[in-house]
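Note on naming: letters A, B, ... go to the chains in the order of the sequence lines (proteins, then strands), and numbering restarts at 1 for each one. No hydrogens, no waters, no symmetry mates; every other heavy atom, side chains included, goes into these values.
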Amino acid sequence: MHTEDWPSTAEEALAVQERLRDRVELADDCPELPPTVTGLDVAYDDNDGIAAAVVTLETAGLTVVEQRTHRAKAVFPYEPGLFAFRELPPLLAALDRLERTPDVLVCDGHGLAHPRRFGLACHVGVLTGLPAFGVGKTRLVGTHAAPASARGAAEPLVDGGEVVGAVVRTQDGVKPVYVSAGHRIDLAHACRLTLALTPRYRLPETTRQADRLSRTALR
DNA sequence: GCGACAG
DNA sequence: ATCTTGTCGC
């Protein structure tokens, strides 16, 4: 899929989303402990300028092994449920610049925890063919009980009668994050990785590194 | 009809 | 997403 035929209206985006949705793989392909984890994030300025950043970390020590960025102009407005069409172009461009193929992608948004079960993490996974999951800071859909206050506590996120993700407490007493599978990885695995990526802070180290890099790339 | 609504 | 000082807590 190229920039030329990228959807520019909500109707077109919905059609593309529906087409891609059929290619999502729910089976878990992701290794038990992938050698590396790659975080994705995008920063914005006041003039439709956007900068995407991807950072690959060694899973064991969470040290950076490779990082890439891509600057561009926003080509799609923010719209809940169609968020992927805004961040996907620069993210895919940045991912293309990586020399080492990622083992698993960690997105700043949702995967299956989406009104049509196909959020950013699903798009990224399907379009790259790589395992991917999402870690959101706030809820998009679903209801859930409050997880216990200790790090590691989690509660299922339910929408339309099905479990679409998990609400996970990554640090004692902090606001929980929303974890959901995207492609070729299951929820349990995504939750386990999320905890491995949050030894000290609320958000995954992958997201923190990508966030910081995208901001500097914007200036 | 009235909210809710990833980043 | 982004705009921002002080302030509560360990």
What is the separation between atom [atom1] on [X] and atom [atom2] on [N], rounded to the nearest whole Å?
X: A:His110; N: B:dC5; atom1: NE2; atom2: C1'; answer: 11 Å
X: A:Phe83; N: B:dG7; atom1: CZ; atom2: P; answer: 7 Å
X: A:Tyr44; N: C:dC3; atom1: OH; atom2: P; answer: 14 Å
X: A:Leu140; N: B:dG3; atom1: CG; atom2: P; answer: 20 Å
X: A:His114; N: B:dG7; atom1: NE2; atom2: C1'; answer: 13 Å
X: A:Asp211; N: B:dA6; atom1: CG; atom2: P; answer: 17 Å
X: A:Glu79; N: C:dA1; atom1: CD; atom2: P; answer: 18 Å
X: A:Glu87; N: B:dG7; atom1: CD; atom2: P; answer: 9 Å

Notebook entry, point to check: Do A:Arg151 and A:Thr198 get their side chains close enough for a donor-acceptor pair, meaning under 3.5 Å?
Noted result: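 Yes, A:Thr198 and A:Arg151 have a side-chain donor paired with an acceptor closer than 3.5 Å.
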Look at all strands and tell whether [X] reaches a base, only sugar-phosphate, or nothing, counting heavy atoms closer than 4.0 Å.
X: A:Gly81; answer: base
X: A:Ala113; answer: nothing
X: A:Gly119; answer: base
X: A:Leu82; answer: base

[N] phosphate, OP1 or OP2: any side-chain N/O from [X] under 4.0 angstrom?
X: A:Arg139; N: B:dC5; result: yes
X: A:Lys137; N: B:dG7; result: yes
X: A:Thr138; N: B:dC5; result: no
X: A:Arg215; N: C:dT2; result: yes

Minimum-distance pair of heavy atoms, taken over all atoms of [X] and [Y]:
X: A:Thr194; Y: A:Val177; result: CG2-CG2, 4.4 Å
X: A:Ile185; Y: A:Ala132; result: CG2-O, 3.2 Å
X: A:Tyr178; Y: A:His110; result: CB-NE2, 3.5 Å
X: A:Leu88; Y: A:Leu120; result: CD1-CD1, 4.1 Å

Check: Using 30° and 60° as the class limits, which term best fits the ring planes of A:Phe85 and A:Trp6: parallel, tilted or perpendicular?
Finding: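 The rings of A:Phe85 and A:Trp6 sit tilted, inter-plane angle from 30° to 60°.
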Polar side-chain atom of [X] near backbone of [Y] as donor-acceptor pair, under 3.5 Å:
X: A:Arg202; Y: A:Lys137; result: yes
X: A:Arg184; Y: A:Cys30; result: no
X: A:Glu66; Y: A:Arg100; result: yes

Note to self: For Watson-Crick and G-U wobble pairs within 3.5 Å on both distances, what is DNA chain C written in dot-bracket notation, | included for inter-strand pairing?
What the structure shows: ..........
Item checked: A:Arg116 with A:Glu18: basic N within carboxylate O range, under 4.0 Å ->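 No, this pair does not count.
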Notebook entry, point to check: Under a 3.5 Å cutoff on both atom distances, Watson-Crick or G-U, what's the dot-bracket for DNA chain B ([ ] crossing, | other strand)?
Noted result: .......
Notebook entry, point to check: With centres under 5.5 Å and planes under 30°, do A:Tyr78 and B:dG7 count as stacked?
Noted result: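 The base of B:dG7 is stacked with A:Tyr78 (centres under 5.5 Å, planes under 30°).
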Next item on the list: Give the nucleotide from the list B:dA6, B:dG7, C:dA1 with an atom nearest to the side chain of A:Asp108.
Entry: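 Of B:dA6, B:dG7, C:dA1, B:dG7 is nearest to the side chain of A:Asp108.
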